[in-house]
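What follows is a short report on a single structure.
Residue indices begin at 1 and follow the sequence shown.
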Amino acid sequence: MKFYGLQLLMLLVAGRSAYGQTMAPDFKDSVHVNAVLNTRETAPGTTIEQFFKDNPGPVRISYTEHPYFYTYKVNPGPLLASAVMIGYGAATFHVRPLHDLDLSTKQEIRGEHPAFRTTIDNYLQYAPIFGVYALNAMGIHGEHNFKDRTIILGMSSLIVCGSVTAVKTLTHRERPDGSAANSFPSGHTATAFMSAEFMRMEYRNVSPWYGLGGYMAATATGVLRMYNNRHWLSDVVAGAGVGILSTQAAFWLYPKIQRGLSGKGNNETMIMPTYDAGTKSVGISVVCLR
């Protein structure tokens, strides 16, 4: 049926960009260093080339340990996939055949599963995040140390939360079950694909299967949102694009912010996401460790 074909298409579009970048990593993305140039451990004036000549093999560093070494090379695959997904969702507001596809998809799902209800999607959206921290706890280390990956995750969450909230307010689309007018895009799906892309980025140089597993969980989350009659197909597709783009933005921004705030050789500044329960607001705090 056409509905299941679209499910498969969503997974393949995201998975194809994930596979392409995993199998062809950038040199700077795949190597970490555990020493800082121009410190006691290395001779003054040591260049990056000389450092790797003297220290062959994989070694480890965080952004704050050497903010000028790490640069994130943007891969167009995930960005293109995000643009296509978001563009598709936006087009359903103006293109009648795409809008009709939303309606027919809902009718097909509700016709086959009229009493379907589950809360698994409320938890499944976070599964890739839990997976990243569980793998690190078991000794299967990803791209970053605990502090760096937590800050990147916090930045991704802030971006996806702000983007979804703003677009929901602007579009004011009614949910399929008529419960509210904040359907577009799907927040659960955006969070799920943000989590999946976070897992893929962390383990892209370890194995592509981790990222694929994360995307399977994210796709299942989106499908369950439709089966629960909480979102239209286009809500889910657009939410997936927003989620992927949010994680990509965080990975691109973090090293730039660290370099701007820390300066070369200064490891005393840290960025942390914040949440105020009283005002229900989120933000970013700059913490100076002196």
Discussion item. Let's go through F193 and T219 carefully: what are the C-alpha distance in whole Å and the side-chain angles of both, what is the deciding distance for side-chain contact (heavy atoms from CB on, under 4.5 Å) to 0.1 Å, and is it a yes or a no?
Written reply: CA-CA 8 Å; F193 275 82; T219 301; 3.8 Å; yes

Fill in: Heavy-atom side-chain proximity of E202 to L135 below 4.5 angstrom
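Counting from C-beta outward, E202 and L135 never come under 4.5 Å.
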
Worksheet entry | E197 and P78, any side-chain heavy atoms less than 4.5 Å apart | yes

At what distance, to the nearest 0.5 angstrom, does [atom1] of [X] lie from [atom2] of [Y]?
X: T118; Y: Y123; atom1: OG1; atom2: OH; value: 9.5 Å
X: H141; Y: N136; atom1: NE2; atom2: CG; value: 6.5 Å
X: F198; Y: R149; atom1: CZ; atom2: CZ; value: 7.0 Å
X: T191; Y: L124; atom1: OG1; atom2: CG; value: 12.0 Å
X: D121; Y: T119; atom1: CG; atom2: OG1; value: 7.0 Å
X: T221; Y: Q125; atom1: OG1; atom2: CD; value: 6.5 Å

Main chain of [Y], side chain of [X]: is a donor-acceptor contact present, judged purely on distance under 3.5 Å?
X: D102; Y: S234; answer: yes
X: Y203; Y: I140; answer: yes
X: E112; Y: I109; answer: no
X: N205; Y: E143; answer: no
X: S104; Y: L101; answer: yes
X: R200; Y: G213; answer: no
X: T247; Y: M194; answer: yes

Of all the heavy-atom pairs spanning [X] and [Y], show the shortest one and how long it is.
X: P128; Y: S195; value: CB-O, 3.4 Å
X: V164; Y: G187; value: CG1-CA, 4.0 Å
X: A249; Y: I159; value: CB-CD1, 3.9 Å
X: A90; Y: H94; value: O-CD2, 3.9 Å
X: I152; Y: A250; value: O-CB, 3.7 Å
X: R117; Y: N228; value: CA-OD1, 3.5 Å

Worksheet item: Is the CZ atom of F130 crowded by more than 12 outside heavy atoms at less than 6.0 Å?
Response: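 No - once you tally the heavy atoms of other residues, nucleotides and ligands closer than 6.0 Å, there are 12 at most.
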
Worksheet item: Within a radius of less than 6.0 Å around CG of L103, do more than 12 heavy atoms belonging to other residues, nucleotides or ligands occur?
Response: yes

Let me check something: any side-chain donor-acceptor pairs from residues 235-244 under 3.5 Å, sequence neighbours excluded? List them with distances.
residue: D235; atom: OD1; partner: R173; partner atom: NH1; Å: 2.7
residue: D235; atom: OD2; partner: S183; partner atom: OG; Å: 2.3
residue: D235; atom: OD2; partner: H231; partner atom: ND1; Å: 3.4
residue: D235; atom: OD2; partner: W232; partner atom: N; Å: 2.9

If hydrophobic clusters are built from ILVMFWY residues whose side chains come within less than 4.5 Å, do [X] and [Y] share one?
X: V160; Y: F184; value: no
X: L153; Y: Y210; value: yes
X: Y88; Y: F93; value: no
X: I151; Y: W252; value: yes

Practice prompt. For the pair R230 and S186, evaluate side-chain hydrogen bond (donor to acceptor under 3.5 Å, both in side chains) and give the outcome as yes or no after the intermediate values.
Written response: CA-CA 9 Å; R230 297 290 290 167; S186 168; over 6 Å; no

Discussion item. Before we go on, tell me: are the rings of F251 and H144 under 6.0 Å apart, centre to centre?
Written reply: yes

Worksheet entry | Y133 and T150: CA distance, side-chain angles, deciding distance, side-chain contact (heavy atoms from CB on, under 4.5 Å) verdict | CA-CA 9 Å; Y133 285 90; T150 302; 2.8 Å; yes

Practice prompt. Please work out which of the three classes, parallel, tilted or perpendicular, describes the rings of Y227 and H113, given edges at 30° and 60°.
Written response: tilted

